[in-house]
Undergrad: 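Below you'll find the structure I mean.
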2 protein chains.
Amino acid sequence: MGIVRKTKAVNTVLNIFEHNNEAKSVVNLIELVKGEMNKTTVYRILDRLEQDGTIHCFNGKDGLKWYAKCNGCSENHHYDLHPHFQCTNCDKVECLSLEVKIPSLKNHKVDTTDILLMGQCSDCLT
Amino acid sequence: MGIVRKTKAVNTVLNIFEHNNEAKSVVNLIELVKGEMNKTTVYRILDRLEQDGTIHCFNGKDGLKWYAKCNGCSENHHYDLHPHFQCTNCDKVECLSLEVKIPSLKNHKVDTTDILLMGQCSDCLT
DNA sequence: GGTTTAATGCAACTAAGTTGCGAAAGTAGA
DNA sequence: TCTACTTTCGCAACTTAGTTGCATTAAACC
């Protein structure tokens, strides 16, 4: 069970994800809400939102934890198998809504995938 | 430029990668050479071996840095685009020698990919 | 409004990874 | 093999992401 109470802090975090479609690193989020709430609170709210299926978590190339809004996820089923794209120029991370086919592996059972593409985003290409 | 001197510590680290084909987390490597060398030395040797193209680096699902031996890599060109497989049961990580096709993205230039598959390895399936 | 309990703030902590510097050990040339 | 030069190492101190415990605050339901 994730979020049970809609506190001011929860709304603030939700607003950030609602307002633009980019993924955010926890470090960045903590910076964004500095003065408004404690970093512990940020970590705990993200934990709860993830349990709810509101957001999903993955690792950026920088080794940091990143979070982004989920599309069509619920507490029970998490469609977090989509790849992410991180721009090596501006560091912005996007969720990609395409499916990557993984060739089947003998003697291995693949449950989840974690795919990060890196390069230049549309803003940095022009 | 990476390794210039073949020290005892460098040989110890190289031996670990030569003896089996698994990827190792830095934390695990530090544990393996405990008493023989300092953790700072481990980090620095790994840095140099990576620059040489002897080993390559990627992030495990645990958020830790992992290293594995390179096949056919040089200082100039790094063929580190292969996917990795991490067993969720025994934590062992393997390099997979298969190619994953990434569909082309409009307005994006993809330079590198970081693909981690997770599930059960052959040892843990039986 | 009062009570219950989830959520928050704070401070202290853990652990991965980095940095600076003096000491030790490769390497090359005599 | 001895010497001189320069890389590499060890140590200690530091940085930063992320976690934990506990007392306090504030949603939510009556």
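Residue numbers begin at 1 in each chain, while the letters A, B, ... track the order of the sequences.
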Undergrad: Let's see if you can work this out: which of C:dA16, D:dC11, D:dG18 has an atom nearest to the side-chain heavy atoms of B:Leu64?
TA: C:dA16
Undergrad: Rounded to the nearest 0.5 Å, how far apart are CH2 of B:Trp66 and CG of B:Asn28?
TA: 6.5 Å
Undergrad: Heavy atoms, side chains only, cut-off 4.5 Å: are A:Leu117 and A:His84 in contact?
TA: no
Undergrad: Does D:dC9 have OP1 or OP2 under 4.0 Å away from a side-chain N or O of B:Arg48?
TA: yes
Undergrad: Please report the distance, rounded to the nearest Å, between CG in B:Asp47 and P in C:dA16.
TA: 17 Å
Undergrad: Can you tell me how far P of C:dT14 sits from OH of A:Tyr43, to the nearest Å?
TA: 17 Å
Undergrad: Please report, rounded to the nearest Å, how far the P atom of D:dG18 is from the CG atom of A:Asp62.
TA: 9 Å
Undergrad: Can you tell me how far P of C:dT18 sits from CG of B:Asn38, to the nearest Å?
TA: 14 Å
Undergrad: Kindly indicate whether the side chain of B:Arg44 and the base of C:dG17 share any N or O donor-acceptor pair separated by less than 3.5 Å?
TA: no
Undergrad: I'd like to check A:Val110 versus A:Thr113 (side-chain heavy atoms, cut-off strictly below 4.5 Å). Are they in contact?
TA: yes
Undergrad: Hydrophobic clustering (ILVMFWY, side-chain heavy atoms < 4.5 Å, transitive) - are A:Ile115 and A:Met118 grouped together?
TA: no
Undergrad: Among D:dC11, C:dA11, C:dT27, which nucleotide has an atom closest to any side-chain atom of B:Thr40?
TA: D:dC11
Undergrad: Which sits closer to the 5' end of DNA chain C, A:Glu36 or B:Lys39, going by the nucleotide each is nearest to?
TA: A:Glu36
Undergrad: Measure the distance from NZ on A:Lys65 to P on D:dT19 and round it to the nearest whole Å.
TA: 5 Å
Undergrad: Nearest-Å distance, CG (A:Leu46) to P (C:dA7)?
TA: 14 Å
Undergrad: For D:dC9, does either OP1 or OP2 sit under 4.0 Å from a side-chain N or O belonging to B:Thr7?
TA: yes
Undergrad: Can you tell me how far P of C:dA16 sits from CH2 of B:Trp66, to the nearest Å?
TA: 13 Å
Undergrad: Have a look at the helix from C:dG1-D:dC30 to C:dA30-D:dT1 and give the angle its two end axes make, five pairs each, rounded to 10 degrees.
TA: 40°
Undergrad: Would you say the side chain of B:Val100 lies within less than 4.5 Å of the side chain of A:Ile102, judging by non-hydrogen atoms?
TA: yes
Undergrad: Can A:His108 and B:Glu94 be said to form a side-chain hydrogen bond (donor to acceptor under 3.5 Å, both in side chains), step by step?
TA: CA-CA 11 Å; A:His108 287 74; B:Glu94 306 163 51; 3.0 Å; yes
Undergrad: Quick one: is A:Thr41 getting a side-chain N or O under 4.0 Å of the C:dG9 phosphate, OP1 or OP2?
TA: yes
Undergrad: Send over the distance from B:Lys6 NZ to D:dT8 P, rounded to a whole Å.
TA: 12 Å
Undergrad: Compare all side-chain heavy atoms of B:Pro83 with those of B:Leu98 and state whether any distance is below 4.5 angstrom.
TA: yes
Undergrad: So for A:Arg5 and C:dA6, does any side-chain atom that can act as donor or acceptor lie under 3.5 Å from a complementary atom in the base?
TA: yes
